[in-house]
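The figures that follow rest on heavy atoms only: side chains count, while hydrogens, waters and symmetry mates do not.
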Amino acid sequence: NLGGGLLAIVMRSRRAPGGATLETVLRTRGGLYVPLLRGRTFATMQAAGVVYSGACAVLVFLLGLVTDLRFRWATTVDIGPERVSSIVDWFAAPWAWFWSGAVPDAEAVRASQWDRLEDTWVRAACLADGEVARNSEHWWQFLIAWVVTYAFLPRLVLWLSVMRCA
């Protein structure tokens, strides 16, 4: 996992009291994160993450090509579609400049809100079925970009850096 990998990197760079690295302290005292300190285990975890996240991205892409994916969101927290749209924009910032189709606009966010209690789209009365489909088309691209940016690439970088050091 990414958190465990970052912990291993931080442990190698920080010093504990007495000048020993945190890695040395954990190795001598044992503990939960000792297996993460072994390069082979860490590399294997990152390689598995690369394969898994890559397969997820490919699967979402293929499903987007051959099926009618309808993305919907609902929340128990009292936030509206405007707030959700700003959160989506923030997470989409890394790819927004070159892949604008993978950034759902405010209208797509509003149109994809789902009411679990009514079991229908919140704006169902305002949208024709074709409009719901058009607004949903940005979401599967967003999901691909999300997986590549926040799962695949970080694990790939960590795996390559561990393999280079090994």
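With sequence neighbours excluded, the residues that form a side chain to side chain contact (heavy atoms under 4.5 Å, CB included) with Y52 are C56.
Under the 4.5 Å side-chain heavy-atom criterion for grouping Ile, Leu, Val, Met, Phe, Trp and Tyr, V51 is not connected to V157 through any hydrophobic cluster.
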Which pairs of donor and acceptor atoms, one on a side chain in residues 86-99, lie under 3.5 Å apart (sequence neighbours left out)?
from : atom 1 : to   : atom 2 : distance (Å)
S86  : OG     : R83  : O      : 2.7
W95  : NE1    : A102 : O      : 3.1
W97  : NE1    : P94  : O      : 3.0
W99  : NE1    : Q141 : OE1    : 3.2

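For the atom pair CG of L143 and CH2 of W139, the computed distance is 8.0 Å after rounding to the nearest 0.5 Å.
Results of the side chain to side chain contact (heavy atoms under 4.5 Å, CB included) test with I144 over L59, V58, V60 single out V60 as the only residue that passes. Under the side chain to side chain contact (heavy atoms under 4.5 Å, CB included) test applied with S53, the options V147, L153, V148 reduce to a single match, V147.
In terms of heavy-atom proximity, V77 sits nearest to T75 at N-OG1, 3.0 Å. Residue A47 comes nearest to W159 through the heavy atom pair CB-NE1, 3.5 Å, listed as atom of the first residue, atom of the second, then distance. Among all heavy-atom pairs drawn from V50 and R155, the shortest one is CG2-C, 3.6 Å.
With hydrogens and angles ignored, the 3.5 Å screen pairs no side-chain donor or acceptor of S85 with any backbone N or O of P81. For S112 (side chain) and V109 (main-chain N/O), a donor-acceptor pair under 3.5 Å exists by modelled atom type.
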